[in-house]
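The structure appears right after this line, and notes come after that.
These numbers come from the heavy atoms of this one structure, side chains and all, not from hydrogens, waters or symmetry mates. Read the numbers this way: they start at 1 and go in the same order the structure lists the ligands and their atoms.
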Amino acid sequence: MYFRSVLLLLATLLPLSMSWGFGLTRRSVMKEVVATSAGITLTTSLPRPSSAAVPSSEIEGAKTEIVNLIKSDPNKGPTLIRLAWHSSGTYSKLSKDGGPSGGTIRFKDELLHGGNAGLAVTAVPWMGKIHSKHPQISYADLYTLGGAVAVETLGGPKIPWRQGRNDAGEDSITPDGRLPNADVGPAGADKSDAQHLRDIFYRMGFDDKGIVALSGAHALGRCHTTASGYDGPWSPTPTTFNNSYFTLLSSVNWTPREWNGPFQYENGKGGTLMMLPSDIALIEDPKFKKWVDVYAQDSDRFFGDFSDSFSKLMELGCNNLA
Ligand code: HEM
């Protein structure tokens, strides 16, 4: 009798999963089976439908919300890009886990990871509001969409974006330590920072060129003492996507800032711009420096390479996107 009802239930669930495009795994189906046989209602515990089933009008609606959010306060654009990057930058090509596919950065435990400081009270709730108006779109899709739309809205290249990421549960959160630190050696940029960047980004599947291209996003936004503890913007145009990160990195005499905060660089005493030790590592390491020079001289090349790498970042470990 028990097995007959289990079979019946599977027969009901599987076609459903096909027509809705669910990311159902054998484990999640069995969870539902156990839940139902335990008398728990099925609808509350079913996995979310895949975003692949979301009509394009919904996606367009969410895009408009994101554009309006940025237009109402352009400083929010860079923070949305940081959210998209941090939701994706946990990917490991070796263990094939982490990355943007599960939208797990919405959970408190992941937001408590050191690198995510500040996002719990900024971009995550901003996106939560948009999600409540477009609940069919997975958080995983929405966070990456936010990054792509922000890059474009702030004047950057078009970022190819596809939908279909399924939200995962808290058990998919990866351990803290997968995002890069701004300073890993003794205070200040040195070889260990360059090696750290390679360890982190090679794990995701990027090469030196991809690392430098992606870092160009630091033309945007700023460091907040209330979040990372660092302070200030990298460029004088923090809400315009351009190649100024590279022109400034290679042309300015960056000096250590003397202040009551973590070690960082400034553009001369009392300067208004900053660089992190991990930024300066890009001009101290000759293989990275080669790409800094390329992008400082050729803005179109930077736009093209950034678009390729950012789009790749948004799709790390994702299957069946459309
Ligand atoms: C290479 C290693 C990286 C390190 C060590 C690093 C570190 C940081 C730190 C410390 C902040 C300041 C956060 C705050 O105080 O609010 C920040 C902000 C930011 N990062 Fe990165 N980052 C890295 C790579 C990237 C990448 C790959 C992207 C995007 C492709 C990115 C995009 C941004 C943006 C847009 C902001 C500004 C956020 C805002 O204004 O709220 N970063 N990053």
Is the F302 ring parallel, tilted or perpendicular to the F246 ring (thresholds 30°, 60°)? perpendicular
Write out the residue and atom name of the closest protein heavy atom to atom 16 (O) of ligand 1, then the distance separating them to 0.1 Å. H224 ND1, 2.7 Å
Heavy-atom nearest neighbour of atom 23 (C) of ligand 1 within options M274, M314, H218: H218
Using a 4.0 Å heavy-atom threshold (strictly under), name the region of L197 that reaches ligand 1: side chain, backbone, both or neither. side chain
Counting heavy atoms not belonging to K76, are there more than 12 under 6.0 Å from its NZ? yes
Purely on distance, is any nitrogen or oxygen of S278 under 3.5 Å from one on ligand 1? no
List the closest protein heavy-atom neighbour of atom 39 (C) of ligand 1: residue, atom name, distance to the nearest 0.1 Å. T79 OG1, 3.5 Å
Under 4.0 Å from a heavy atom of R82: give me the atoms of ligand 1 that qualify, with their elements. 13 (C), 16 (O), 18 (C), 19 (C), 38 (C)
Within 4.0 Å of some non-hydrogen atom of A217, the atoms of ligand 1 are 28 (C), 29 (C), 30 (C), 32 (C), 35 (C)
Looking at atom 31 (C) of ligand 1, what's its closest protein heavy atom, distance included? W85 CD1, 3.3 Å
Where is the nearest protein heavy atom to atom 35 (C) of ligand 1: which residue, which atom, and how far? P78 O, 3.3 Å
Side-chain donor-acceptor contact under 3.5 Å, S138 with N166: no
For F303 and F241, take the angle between the two ring planes, folded into 0 to 90°, and tell me which bin it lands in: parallel under 30, tilted 30 to 60, perpendicular over 60. perpendicular
What do you reckon, does S228 have a nitrogen or oxygen under 3.5 Å from a nitrogen or oxygen of ligand 1? yes
salt_bridge(K209, D308) N-O dist < 4.0 Å: no
Salt bridge or not between E65 and K133? Use side-chain N to carboxylate O under 4.0 Å. yes
Charged N to carboxylate O below 4.0 Å: is that the case for R203 and D199? no
Checking side-chain polar atoms at under 3.5 Å, does D208 have a donor or acceptor matched by the opposite partner on Y202? yes
Considering only heavy atoms, does W234 approach ligand 1 within less than 4.0 Å through its side chain, its backbone, both, or neither? side chain
What protein heavy atom sits nearest atom 3 (C) of ligand 1, and how far off is it? P180 CG, 3.7 Å
Ring of W85, cation from R82 - is the NZ or CZ under 6.0 Å from the centre and inside 45° of the axis? no
Does N75, backbone or side chain, put an N or O under 3.5 Å from an N or O of ligand 1? no
Proximal ligand 1 atoms for G221, defined as those under 4.0 Å from one of its heavy atoms: 37 (C), 40 (O)
Looking at D141 and R162, is any side-chain nitrogen of the basic one under 4.0 Å from a carboxylate oxygen of the acidic one? no
Looking only at distances, please establish whether an N/O atom of ligand 1 is found under 3.5 Å from an N/O atom of Y230. no
Proximal atoms of ligand 1 relative to N181 (non-hydrogen, under 4.0 Å): 5 (C)
Any donor-acceptor pair under 3.5 Å linking the side-chain atoms of W254 with those of N267? no
Atom 12 (C) of ligand 1: of C223, P277, A227, S215, the nearest heavy atom sits on C223
Identify the closest protein heavy atom to atom 40 (O) of ligand 1: which residue and atom is it, and at what distance? R222 N, 3.0 Å
Axial cation check for F288 ring with R198, 6.0 Å and 45° limits: yes
Shortest protein contact, atom 30 (C) of ligand 1 (heavy atom only): L214 O, 3.5 Å
Give me the ring orientation class for F263 and Y265: parallel if the planes are under 30° apart, tilted from 30 to 60°, perpendicular past 60°. perpendicular
Near A182, which atoms of ligand 1 are under 4.0 Å from a heavy atom of that residue? 5 (C)
Can you figure out which of L282, L276, T122 has its heavy atom closest to atom 8 (C) of ligand 1? L276
